[in-house]
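Taking it in order: structure first as structure tokens, then the write-up.
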Amino acid sequence: ADDSIQRAFSGVCELSFIASGGFKGVYKARINGVLEALKLINVPEVSPADTEAVQMRDELVKRVEREIEILRKCQSPAIVKLGSLSPCGQDIEGKKFIAYSEEFLDGKDLWALLRNANTPNPTEAELKSLLKALLEAIKELWQYGIIHRDIKPGNIIKTANIIVFIALHKKMQTQFR
């Protein structure tokens with residue numbers, strides 16, 4: 001599958017699988033010479049006669065489009081940035097995907113750090129940095145009327161320089177004020 005993905009996108013090499021969940025697969029990839037996170041969202045084929053399946057597929061596409069639009073707006077260093085691969089539709093091995101990239105965050109999610117008995121407990125300074133970054137991310141999202149409904153340790157990445165990024169996922173909701 002990795003070869004098929006690399007063939008589907010010019011400039012993509014050094015591809016390695018990171019994680020998957022729901023309809024999304026995430027890969028570490030070098031895109032035009034820069035290390036990024038390649039996101040592939042599987043858009044399921046559905047029968048036009050199956051109105052419920054069509055509705056679910058269309059909602060998936062809308063959620064992805066909303067997430068990308070939010071990332072385009074956000075400037076906070078506490079929120080992951082879009083990468084160089086602009087959102088596009090792509091057929092890979094007979095399946096349809098929405099593909100785009102984000103900056104690659106070289107670190108571990110907070111959940112993995114907390115579960116690892118060999119990892120020292122965070123210092124007070126690290127905890128303050130974490131809280132400040134989370135509040136900064138929440139504040140920026142709120143400025144756009146967005147509520148991130150899935151803030152959890154698995155969506156927070158601690159990088160080497162202790163900056164914490166909040167991952168945006170499907171459980172975001174636009175609020176109208």
Side-chain angles (χ1 to χ4, degrees), residues 17-29 31-32 34-44 55-90 97-116 119 121-177:
F17 178 77
I18 297 175
S20 65
F23 291 95
K24 187 184 293 186
V26 182
Y27 296 81
K28 179 179 173 181
I31 302 174
N32 300 320
V34 177
L35 203 55
E36 296 187 22
L38 174 64
K39 306 278 182 115
L40 294 176
I41 297 88
N42 184 4
V43 180
Q55 188 176 14
M56 288 176 59
R57 180 206 55 210
D58 291 350
E59 180 55 35
L60 169 69
V61 171
K62 287 177 188 170
R63 281 196 316 255
V64 172
E65 289 170 346
R66 279 193 306 264
E67 179 176 328
I68 292 167
E69 190 54 39
I70 291 165
L71 289 177
R72 275 194 183 108
K73 292 178 183 178
C74 292
Q75 298 301 310
S76 169
I79 298 175
V80 68
K81 304 289 177 272
L82 284 174
S84 63
L85 181 64
S86 295
C88 61
Q90 187 66 45
F97 291 88
I98 298 172
Y100 66 99
S101 67
E102 294 176 356
E103 68 180 312
F104 177 73
L105 302 177
D106 193 10
K108 296 205 179 285
D109 70 65
L110 191 56
W111 182 241
L113 293 171
L114 292 172
R115 288 186 316 191
N116 186 344
T119 303
N121 288 332
T123 65
E124 183 177 342
E126 288 173 321
L127 291 172
K128 285 179 181 179
S129 173
L130 165 69
L131 185 57
K132 182 179 178 186
L134 279 173
L135 292 173
E136 183 180 318
I138 292 167
K139 179 181 177 184
E140 179 158 3
L141 291 171
W142 182 247
Q143 288 174 353
Y144 297 114
I146 304 298
I147 296 173
H148 191 306
R149 300 183 306 162
D150 199 23
I151 296 173
K152 62 185 180 185
N155 288 342
I156 300 167
I157 310 294
K158 180 179 178 279
T159 61
N161 58 0
I162 310 179
I163 296 175
V164 179
F165 296 83
I166 192 165
L168 298 180
H169 290 291
K170 64 183 177 186
K171 292 186 178 178
M172 291 182 296
Q173 176 176 325
T174 302
Q175 295 292 312
F176 300 98
R177 297 186 216 186

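We number each residue from 1, following the sequence as shown.
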_Can you list everything that forms a side chain to side chain contact (heavy atoms under 4.5 Å, CB included) with A112? Sequence neighbours excluded, please._
D109, R115

*Just one of I31, L35, V26 clears the side chain to side chain contact (heavy atoms under 4.5 Å, CB included) bar with F104, so which one?*
L35

*Before accepting this row, confirm whether a basic side-chain N of the pair R66/E69 lies closer than 4.0 Å to the acidic partner's carboxylate O.*
no

*Are V80 and I157 side-chain neighbours, meaning at least one heavy-atom pair lies under 4.5 Å?*
no

*Gap between atom CG of L85 and atom CG of L40 - 0.5 Å precision*: 9.0 Å

_side-chain contact (heavy atoms from CB on, under 4.5 Å) for K152 and D150? Distances and angles first, verdict last._
CA-CA 6 Å; K152 62 185 180 185; D150 199 23; 3.6 Å; yes

*From C88 SG over to F97 CZ, what is the distance, rounded to the nearest 0.5 angstrom?*
12.0 Å

_Partners passing side-chain hydrogen bond (donor to acceptor under 3.5 Å, both in side chains) against K108 (at least two apart in sequence or in another chain)_ = none

*asked:* Rounded to the nearest 0.5 Å, what separates atom NZ in K73 from atom CD1 in I68?
replied: 13.5 Å

*How many angstroms lie between CG in L127 and CG in L131, if you round to the nearest 0.5 Å?*
8.5 Å

_Sequence-distant partners of E136, salt bridge (Lys or Arg N to Asp or Glu O under 4.0 Å), two or more places apart_ = none

*Only one of R72, K62, K24 forms a salt bridge (charged side-chain N to carboxylate O under 4.0 Å, His left out) with E67, so which one is it?*
K24

*Nearest 0.5 Å please: distance from the CD1 atom of I41 over to the CG atom of L60.*
7.5 Å

*Distance, nearest 0.5 Å, that separates CD of E102 from OG of S84*: 12.0 Å

